[in-house]
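This report refers to the structure that appears directly beneath it.
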Amino acid sequence: MTSSMSGRSSAGTAMTRRSFLGGTLGAIAPMIVPARALGRGGAVPPSERITIGCIGVGGQGQGNMRNFIAQPDAQIVALCDVERGAGTKGLMPALAAARTQAEKAGRPLGEKDVATYHDFRELLAREDIDAVSIATPDHWHGLICLAAARAGKDIYCEKPLTNSIPEGRAVCEAVKRYGRVLQTGSHERSNDTCRFAWELVNNGRIGRLREVEVRLPTSEPHHERIRQALGPFEPLTPPESLDYDFWLGPAPWRPYFPDATHFGWRFWLATGGGEMTDRGAHVLDLVQFITNHDNSGPVWLRASGRRGPSPIFDAFMDFEFEYRYSNGLRVYGRSEGDRGLKLIGTEGWIFIHIHGGRLEADPPSLLRERILPGERRTERSGGHHRNFLDAVRTRRRPIADHEIGHRTATICHLLNASMELGRTIRWDPVAERIIGDAEAQRWIARPMRAPWRI
């Protein structure tokens, strides 16, 4: 925020708006601001907007930026990327996109309203920034989340929350220690249809839930481009607009390959986890949610996978997997079919399509059911970015908080580990350790290139 709010705490001491936003998560009752207090016509005055810095402003980063600009009580004040950019990607194209979106929203940006940064640490050092949006490649998520929490910023971070399990736990502990709000970008959770599916399943409309089938197809054009990236590859000099060494950061050094840097980073395991952590994080997150395992995870996992022929991509392109929770519920999946999850009960099934949350059911009449008074209901979201901003204001947990994001990412990483090592993994979701397999435990730790460390 750009100015303070008058008022006093129960102890009689002055409370600024920034100290309000920095309060302990969950300790303050929701703040309801009447429209007449916001400004002319209900518009939020600049002094009361949540100020946001965006770190990583490529494709998804620009999408998040636009979503925040569209919210009347949010204001983008800083952008950060290690690539200055050209065309539609990078820092300067993102700045142009921010100006265009702000103009559409009726809040034009002046020449000095948005600062640009090369190093995220400089952005985090600004005391006038309330929150950050993080949409870098996956291998940077954990380090930037940790730095943001320590700097007193609330955090919207893309999924998967981190690129390793120890990083995820460290982020959760930092969020709790510093009293921050963190929303994982698992936006399917905010779809009304997905919330309705939870209510149908948890009110017995499909009988007893027997198993869950997951489908994660790898047959789209970008998957084929990864498979067909066969080389021969000659190491190239990175463009002057890109700080490639900083882009690599904690990942092991290797020569610059354009195909593995923009978007393709998802399929190099040092920087992403393939389809398993890309759309898999969305689908498995809904499995966690609907089966009520948000604060836990499976106890047994088995997966097998096949890499593509490309020498620069090592993620698994075709796979099948199975895991079980302690209550015996079985989840199984494969890399084909319509993307989504099928919730199979003793009296019917519901299929949730990803993306968008379109529902199918058998019998079809399930989708016409009404949730009756006294039955179980789940919180509704006004949109994933809106839900985050509301949580920043009220200090309540958002709909996909740090623990939720970490637990979902953990399943993705464990399934990749099982494919890599070719064996079953037994997992203790309380201690968050692999049972009886030291090699697998080392594999999930993902050491960082110096000088970067958790």
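When all heavy atoms are compared, the tightest approach of Ile76 to Val114 is O-CG2, 3.5 Å. The heavy-atom pair separating Arg397 from Ala391 by the smallest distance is C-CB, 4.3 Å.
Here the straight-line distance linking atom CG of Leu284 with atom CG of Leu216 works out to 6.5 Å at 0.5 Å rounding.
Asp113 has its side chain out of reach of Val77: every pair of non-hydrogen atoms, C-beta onward, lies at least 4.5 Å apart. Ile50 has its side chain within reach of Arg393: a pair of non-hydrogen atoms, C-beta onward, lies under 4.5 Å apart. Two residues are said to be in side-chain contact when any heavy atoms from C-beta on lie closer than 4.5 Å; Phe196 and Trp198 fail this criterion.
Between the side chain of Thr410 and the backbone N or O of Ile165 there is no donor-acceptor pair closer than 3.5 Å. Judged by distance alone, with hydrogens and angles left aside, the side-chain atoms of Asp130 form no donor-acceptor pair with the main-chain N or O of Ile52 at under 3.5 Å.
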Please report the C-alpha distance between Glu379 and Arg396 in whole Å, then the side-chain angles of each, then the deciding distance to 0.1 Å, and finally whether the salt bridge (charged side-chain N to carboxylate O under 4.0 Å, His left out) criterion is met. CA-CA 13 Å; Glu379 174 190 2; Arg396 298 297 187 188; over 6 Å; no
Please evaluate residues Arg225 and Glu220 with respect to the criterion salt bridge (charged side-chain N to carboxylate O under 4.0 Å, His left out), reporting the C-alpha separation (whole Å), side-chain torsions for both, the decisive distance (0.1 Å), and the verdict. CA-CA 9 Å; Arg225 288 197 300 272; Glu220 295 185 5; over 6 Å; no
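In this structure, the ring of Tyr325 has its center no less than 6.0 angstrom from the ring center of Trp300. Two rings, from Trp140 and Trp452, have their centers less than 6.0 Å apart.
Remark: the Asp154 side chain and the Gln183 side chain contain no N/O donor-acceptor pair separated by less than 3.5 Å.
Under the 30°/60° scheme for interplanar angles, the aromatic rings of His222 and Phe267 are found to be tilted. Ring geometry, Phe68 versus His385: the interplanar angle exceeds 60°, so the pair is classed perpendicular (tilted spans 30 to 60°).
Between Arg169 and Glu173 there is a salt bridge, since a side-chain N of the basic residue sits under 4.0 Å from a carboxylate O of the acidic one.
For CZ of Arg215, the number of neighbouring non-hydrogen atoms (other residues, nucleotides, ligands) closer than 6.0 Å is greater than 12.
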What pairs of donor and acceptor atoms, side-chain ones from residues 247-260 against any protein atom, are under 3.5 angstrom apart with sequence neighbours left out?
unit_1, atom_1, unit_2, atom_2, d
Arg254, NH1, Ile312, O, 3.1
Arg254, NH2, Ile312, O, 3.1

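With Tyr332 as the aromatic partner, Arg330 meets the cation-pi criteria of under 6.0 angstrom to the ring centre and within 45 degrees of the ring axis.
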